[in-house]
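The structure appears right after this line, and notes come after that.
Proteins come first, then strands; the chains are lettered A, B, ... in the order of their sequence lines, and each starts at number 1.
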2 protein chains.
Amino acid sequence: MGRYELEYPKDATNTVKRLHERGSYALRKIHGLINSSQIIHVSFNVPDSPFPATLPMIGQMGSFERPSADLGDPLDLYLHGYVSSRLFNLGRAAGQQGLPVTCAASHVDGLVLALSAFHHSYNYRSAVLFGHATLVDDPEEKLYAMELITNSVVPDRWANSRLPPTNAEMQSTSILRVRIASGSAKFRDGGVTDDKNDLGNEDALNSVWAGVVPVYSILGEPVAAPHNRVDLPAYARQFIDDLNQDNRAYSLGAVKGRSEA
Amino acid sequence: MGRYELEYPKDATNTVKRLHERGSYALRKIHGLINSSQIIHVSFNVPDSPFPATLPMIGQMGSFERPSADLGDPLDLYLHGYVSSRLFNLGRAAGQQGLPVTCAASHVDGLVLALSAFHHSYNYRSAVLFGHATLVDDPEEKLYAMELITNSVVPDRWANSRLPPTNAEMQSTSILRVRIASGSAKFRDGGVTDDKNDLGNEDALNSVWAGVVPVYSILGEPVAAPHNRVDLPAYARQFIDDLNQDNRAYSLGAVKGRSEA
């Protein structure tokens, strides 16, 4: 980590306007949110349609030019998923400049139940990145991105799967690289915020439960495939245990407002 | 449930093109996915920007005109969240016709770890709805939507919170109603799919673990607010227990391909 945290510059596209929610422009925070999201919703404009298209994809921040780059450094977003013929053609038509895309990821960390329905809320973390997407053609960069993304599903999984990819597998894998133009994050943590009036409302206080219900994602007990012959490896067991512990701790920490989103 | 299931008509906007993933146009399936998603990503085009805007919002399907409507009936999507001045102004400018929006929600149900990196996948469910959003002005409809959305966070919560909303609360709550134009769902369930070649590859079979790691969301033990005076009510305890059991069962069922996404 350097002596200061890089931030995306604020402009009309990415500025978080709501005052009582916390916004952030720190690359480290935004990239971390994207990397910890199992699904990223990728939206782009479609000619002759009033509706943006939105596709669920898997993504991870990285730098092919400088693989040792830090999470807080300028990075590209590599995306894997079904690249529809529409997306493919739009990407090709956009040429080297790339197709403008908006990439969003959100976590819910808690249900905030206040005395009044109005003050109900979520503890949550949400990130959005704006950038230009191009298809990755260079086989070396494609391999880099495939390893990056596979290891984001389960760390060390790439080196522990059947390698190398066949030519057919390489051919039928599409990877998009998004050069980031800007981004922002929003989050809410802490406990219940109730009005002064409600905090003095004896009827409400004596009848309504107020508090936070933590929400987190769990990895369950692995189910081996019929053709599996080996024991669950240590790298997978470790990942499952660590993630379950981390996710639970995060949602509980968020209630206390001590989260480090 | 009627004698047949209504479907959204297929057109250029919503047609699922990938063959080996399963697409669905059934209203019941799509509405159910939206309703069970704690966050919906709402995207819309912004004049003078190449990037769609994407906002995380809370939403629920409903019908103010016919509140008893079934999940498989034509319904509107009611959205609650921060309605930015940009979204507000775009909505106003769009007039009665409404602002075209794309609403996406996705669940990850499992990490599918194959012998080859290439055949790694997710079990997942994803829904997208296209429609036209307008701000709800009618106080009765706004109350209907606030109750609908609050009860989607925790069933029966509305009637068990401090009511009625004050005038100030009503004024500062923005609800969007999306008239649905079309929609679709995509999902993947089942176990690992490996190539014939890999299934005959002794090296791979003897070294790579293959199987599915279930993924599901959990509600943790509720944390009461400092000003809370009452025990956790039965409706909340029941909801937490039921949801945790259902989510776990769903992700395990998905491994066997017996999910009813």
Heavy-atom distances under 4.5 Å only: say whether A:Leu199 touches chain B with side chain, backbone, both or neither. side chain
Contacting moiety of A:Ser126, where chain B heavy atoms sit under 4.5 Å: side chain
Chain B interface, residue from A:Ser106, A:Ala53, A:Ser207 that has the most non-hydrogen pairs under 4.5 Å: A:Ser106
With a sphere of 6.0 Å drawn around CG of B:Asn206, does it hold more than 12 non-hydrogen atoms of other residues, nucleotides or ligands? yes
The interface call for B:Ile240 against chain A, heavy-atom contacts under 4.5 Å, is side chain
Crowded around A:Gln245 CD? As in, over 12 foreign heavy atoms under 6.0 Å? no
Using 0.5 Å steps for rounding, measure from the OG1 atom of B:Thr173 to the CZ atom of A:Phe118. 4.5 Å
side-chain contact (heavy atoms from CB on, under 4.5 Å) test vs B:Trp209 passes for just one of A:Asp231, A:Asn160, A:Asn228, namely A:Asn228
Using a 4.5 angstrom heavy-atom cutoff, name the option from A:Asn247, A:Asp203, A:Val108 with the most pairs to chain B. A:Val108
Please state whether the side chain, the backbone, both or neither of A:Ala181 comes within less than 4.5 Å of a heavy atom of chain B. side chain
Looking only at B:Cys103, B:Ser43, B:Ala204, the option with the highest number of non-hydrogen pairs under 4.5 Å against chain A is B:Ser43
Just wondering, do A:Val208 and B:Val230 contact through their side chains at under 4.5 Å, heavy atoms? no
Specify the closest pair of heavy atoms between A:Leu205 and B:His227, including all atoms of both residues, with the distance to one decimal. CD2-O, 3.6 Å
Residue A:Val101 versus chain B: region with a heavy atom under 4.5 Å: backbone
The interface call for A:His120 against chain B, heavy-atom contacts under 4.5 Å, is side chain
By a 4.5 Å heavy-atom criterion (distance strictly below it), what part of A:Val112 contacts chain B: side chain, backbone, both, or neither? neither
Do B:His107 and A:Gln38 have side-chain heavy atoms sitting under 4.5 Å apart? no
Proximity breakdown for A:Ala105 and chain B, heavy-atom pairs closer than 4.5 Å: backbone
Report the option among A:Thr102, A:Val154, A:Leu111 that has the most heavy-atom pairs separated by less than 4.5 Å from atoms of chain B. A:Thr102
What part of B:Arg248 lies closer than 4.5 angstrom to a heavy atom of chain A: side chain, backbone, both or neither? neither
Is B:Val46 in contact with chain A via its backbone, its side chain, both, or neither, using a 4.5 Å heavy-atom distance? neither
Based on non-hydrogen pairs under 4.5 Å, which of B:Ser49, B:Pro56, B:Gly191 is most in contact with chain A? B:Pro56
Heavy-atom proximity to chain A below 4.5 Å, by part of B:Pro165: neither
Result for side-chain hydrogen bond (donor to acceptor under 3.5 Å, both in side chains) between A:Arg162 and one of B:Asp195, B:Asn201, B:Asp194, B:Asp198 points to B:Asp198
Contact origin within B:Tyr216 toward chain A - heavy atom pairs under 4.5 Å: both
According to the interplanar angle, ranging from 0 to 90°, do the rings of B:Phe130 and A:Phe51 count as parallel (below 30°), tilted (30 to 60°) or perpendicular (above 60°)? tilted
Given side chains that start at C-beta, do those of A:Val212 and B:Pro222 come closer than 4.5 Å, heavy atoms only? no
Does any backbone or side-chain atom of A:Thr150 lie under 4.5 Å from a heavy atom of chain B? Answer side chain, backbone, both or neither. side chain
Pair count under 4.5 Å, heavy atoms only, with chain B: among A:Thr13, A:Ile58, A:Asn14, A:Leu163, highest is A:Ile58
Count the heavy-atom pairs under 4.5 Å between each of A:Val213, A:Leu113, A:Val223 and chain B, then report the option with the highest count. A:Val223
Give me the atom names and distance for the closest heavy-atom approach of B:Ser116 to A:Ser161. C-CB, 4.4 Å
In terms of heavy-atom proximity below 4.5 Å to chain B, should A:Glu221 be classed as side chain, backbone, both, or neither? backbone
Considering all heavy atoms of both residues, which atom of A:Pro100 and which atom of B:Pro50 are nearest to each other, and what is their separation? CB-O, 3.4 Å
Could you check if a side-chain atom of A:Val153 sits within less than 4.5 angstrom of a side-chain atom of B:Tyr122, using non-hydrogen atoms only? yes
Only pairs of heavy atoms separated by less than 4.5 Å count here; which of B:Val128, B:Asn45, B:Leu115 has the most with chain A? B:Asn45
Most heavy-atom pairs under 4.5 angstrom with chain B, which of A:Ile149, A:Ile218, A:Val192, A:Val215? A:Ile218
Specify which of B:Ala210, B:Gly211, B:Gly131 makes the most heavy-atom pairs with chain A at under 4.5 Å. B:Ala210
Assess, by modelled atom type and distance only, whether the side chains of B:His41 and A:Thr54 contain a donor and an acceptor separated by less than 3.5 Å. no
